[in-house]
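A short write-up of the structure that comes next.
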Amino acid sequence: MPALASHRKPRPRVRSTVPAVGLTSAALASVTLLSSQSAMAAPAPKPSIEEVQKKVDDLYRQAGNATQKYNQSKEATDKQKSKVDALLDEVAKRTEKVNDARRTLGNYAAAQYRNGGLAPTATFFLADDPQSFFDQTHLMDRMAERQQQAVANFRTQQAKVSKQRAQAVESLETLTESQAALRTSKQDVQTKLTEARTLLSKLTAEEKARLAELERKKEAEAERKAAELAKKQAAAKKEAERKAKEAGGGSVTETGSGSGTGSDSSASTKAEKVLAFARAQIGKPYVWGATGPASYDCSGLTQAAWKAAGVDIPRTTWDQVNVGTRIATADLQPGDLVFFYDDISHVGIYKGDGMMIHAPKPGANVREESIYYMPIYGSVRPA
């Protein structure tokens, strides 16, 4: 039987637009994603020379701050190490005393063992005469007293040793903490200096030349301000000399603050020694943490210079700023210490006429420079 033809009408084919819409959306998403990736992958704009200069200066300042932390930690470590060494020496001496006391007790115990022990009544009847018994009893009493003293001495020495051992352990723990802080500060300094060097190494020859020109302009402006200060100080001194002459007084100090005295003369002599020492160090390299004689950091130089004048000042800028008398910038005299930045991370020695001698930063040597090259925090006269 032949197959019957289907009477069902064929369904018309309708072209759907959904896939096209999906494809278009996918394409747009891909374009958007690629655009976003391209934007993310785009290199950051190169900083201007002015921005590089500011960044490098800030990194050197941060390195200076970290250097002072290193100096502080090193000073604390050295002091703690000396304390620990002294305690360990004392513990060794006390231990020897304990051993001596132990030997004394051992001798008493051995003697008592050799002689044995008899009751007082038996000793009385065995004695040749009553007097010898009483003499022997008195001797034994004295020996008993010595034994008691020996025991007391042993206990005293033992207690002292235990106490000093505990102190030594505590000091060793503090030393360990100081050493850890020292390592951290050292790493901080090295990190900041590496960042600064990396930033400078990326500059082209032309950019380095422009940076050098900016530095020259900065120095010129600082020197101009120094000259203004020198002019004002000279005028103040001249006016003070005029008034002193009218009043029939003597000479005036460097900034014209009054008539000369024995104290002023002594201070002037010290200042001369400070500056003589500082001048002799010009040309030596800055090395962070260094205190001379081949190299210095900023506070290492100021400490060594004042020590040459017979005055001991602390190691760090943070401690040096609290020494002596605070001085206004207008009243600065040679030998005074000038501190810089809000974090007091740098210091120089005032030499007069708005200039100072200082150990500037890594890569530079001890030199003369205007005190206005960096923002001034304040100044002191150590002695």
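Residue numbers start at 1 and run along the sequence shown.
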If I compare all heavy atoms of [X] with all of [Y], which pair ends up nearest, and what's the gap?
X      : Y      : answer
Val366 : Leu301 : CG1-CD2, 3.9 Å
Ser73  : Ser185 : OG-OG, 3.8 Å
Met356 : Ile371 : CB-CG2, 3.8 Å
Ile376 : Phe340 : CG1-CE2, 3.8 Å
Ala226 : Gly354 : CB-O, 3.3 Å
Thr67  : Gly289 : CG2-N, 3.8 Å

Close side-chain approach of [X] and [Y], heavy atoms under 4.5 Å:
X      : Y      : result
Lys192 : Arg61  : no
Tyr350 : Arg381 : no
Glu221 : Tyr372 : no
Pro334 : Lys351 : no
Val323 : Leu337 : no
Leu211 : Val56  : no
Val380 : Phe339 : yes
Tyr286 : His358 : no

- prompt: Trp306 side chain to Lys270 main-chain N or O, any donor-acceptor pair under 3.5 Å?
  reply: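 No; zero donor-acceptor contacts below 3.5 Å.
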- prompt: Can you check whether Thr316's main-chain N or O pairs, donor with acceptor, with Asp319's side chain at less than 3.5 Å?
  reply: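 Side chain of Asp319 to backbone of Thr316, a donor-acceptor pair under 3.5 Å: no, none is there.
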- request: Could you give me the CA-CA distance, side-chain angles and deciding distance for Arg210 and Glu206, then say whether salt bridge (Lys or Arg N to Asp or Glu O under 4.0 Å) is met?
  value: CA-CA 6 Å; Arg210 288 171 57 196; Glu206 181 183 353; 5.2 Å; no
Partner residues of Asp78 under the side-chain hydrogen bond (donor to acceptor under 3.5 Å, both in side chains) criterion, sequence neighbours left out: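 In terms of side-chain hydrogen bond (donor to acceptor under 3.5 Å, both in side chains), with neighbours along the sequence ignored, Asp78 is linked to Lys74.
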- request: List in chain and number order the residues that pass side-chain hydrogen bond (donor to acceptor under 3.5 Å, both in side chains) with Lys218, two or more places apart in sequence or in another chain; answer none if no residue qualifies.
  value: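 Lys218 satisfies side-chain hydrogen bond (donor to acceptor under 3.5 Å, both in side chains) with Asp57 only.
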Can you measure from [atom1] ([X]) to [atom2] ([Y]) and round to the nearest 0.5 angstrom?
X      : Y      : atom1 : atom2 : answer
Asp336 : Ile327 : CG    : CD1   : 5.5 Å
Thr77  : Gln72  : OG1   : CD    : 10.5 Å
Ile282 : Glu368 : CD1   : CD    : 4.5 Å
Leu275 : Arg279 : CG    : CZ    : 5.0 Å
Gln233 : Leu332 : CD    : CG    : 6.5 Å
Gln80  : Asp85  : CD    : CG    : 10.5 Å

task: Apply the test side chain to side chain contact (heavy atoms under 4.5 Å, CB included) to residues Thr317 and His346: give CA-CA distance (whole Å), side-chain angles for both, the deciding distance (0.1 Å), then the verdict.
output: CA-CA 7 Å; Thr317 53; His346 192 72; 5.9 Å; no
Between [X] and [Y], is there a shared hydrophobic cluster once you connect ILVMFWY residues whose side-chain heavy atoms come closer than 4.5 Å?
X      : Y      : value
Trp288 : Leu200 : yes
Val321 : Ile313 : yes
Val52  : Leu193 : yes
Val338 : Tyr373 : yes

Please check if atom [atom1] in [X] has more than 12 non-hydrogen atoms from other residues, nucleotides or ligands closer than 6.0 Å.
X      : atom1 : result
Lys69  : NZ    : no
Lys284 : NZ    : yes
Asp343 : CG    : yes

Short N-O contact, [X] and [Y], less than 4.0 angstrom:
X      : Y      : answer
Glu51  : Lys54  : no
Asp297 : Arg315 : yes
Glu241 : Lys238 : no
Arg216 : Glu213 : yes

message: Working note: Gln68 + Cys298, criterion side chain to side chain contact (heavy atoms under 4.5 Å, CB included); need CA distance, chi angles, decisive distance, verdict.
response: CA-CA 9 Å; Gln68 294 308 312; Cys298 64; 3.6 Å; yes
query: Taking the inter-plane angle between the rings of Phe277 and Tyr296 on a 0 to 90° scale, is it parallel (under 30°), tilted (30 to 60°) or perpendicular (over 60°)?
result: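 Taking Tyr296 first and then Phe277, their aromatic rings stand perpendicular (interplane angle over 60°).
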message: The test is side chain to side chain contact (heavy atoms under 4.5 Å, CB included); show your working for Val347 and Tyr377 and say whether it passes.
response: CA-CA 10 Å; Val347 62; Tyr377 172 84; over 6 Å; no
message: Assess the residue pair Thr184 and Tyr70 against the criterion (side chain to side chain contact (heavy atoms under 4.5 Å, CB included)); give the C-alpha distance rounded to whole Å, side-chain angles, the decisive distance to 0.1 Å, and a yes or no.
response: CA-CA 8 Å; Thr184 300; Tyr70 171 85; over 6 Å; no
message: Would you say Thr302 and Gln320 are linked by a side-chain donor-acceptor pair, where the criterion is simply a distance under 3.5 Å?
response: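 Indeed, the side chains of Gln320 and Thr302 share at least one donor-acceptor pair under 3.5 Å.
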message: Between Tyr341 and Gln62, is there a side-chain donor-acceptor contact under 3.5 Å, judged purely by atom types and distance?
response: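 No pair is found: no donor N or O on one side chain lies under 3.5 Å from an acceptor on the other.
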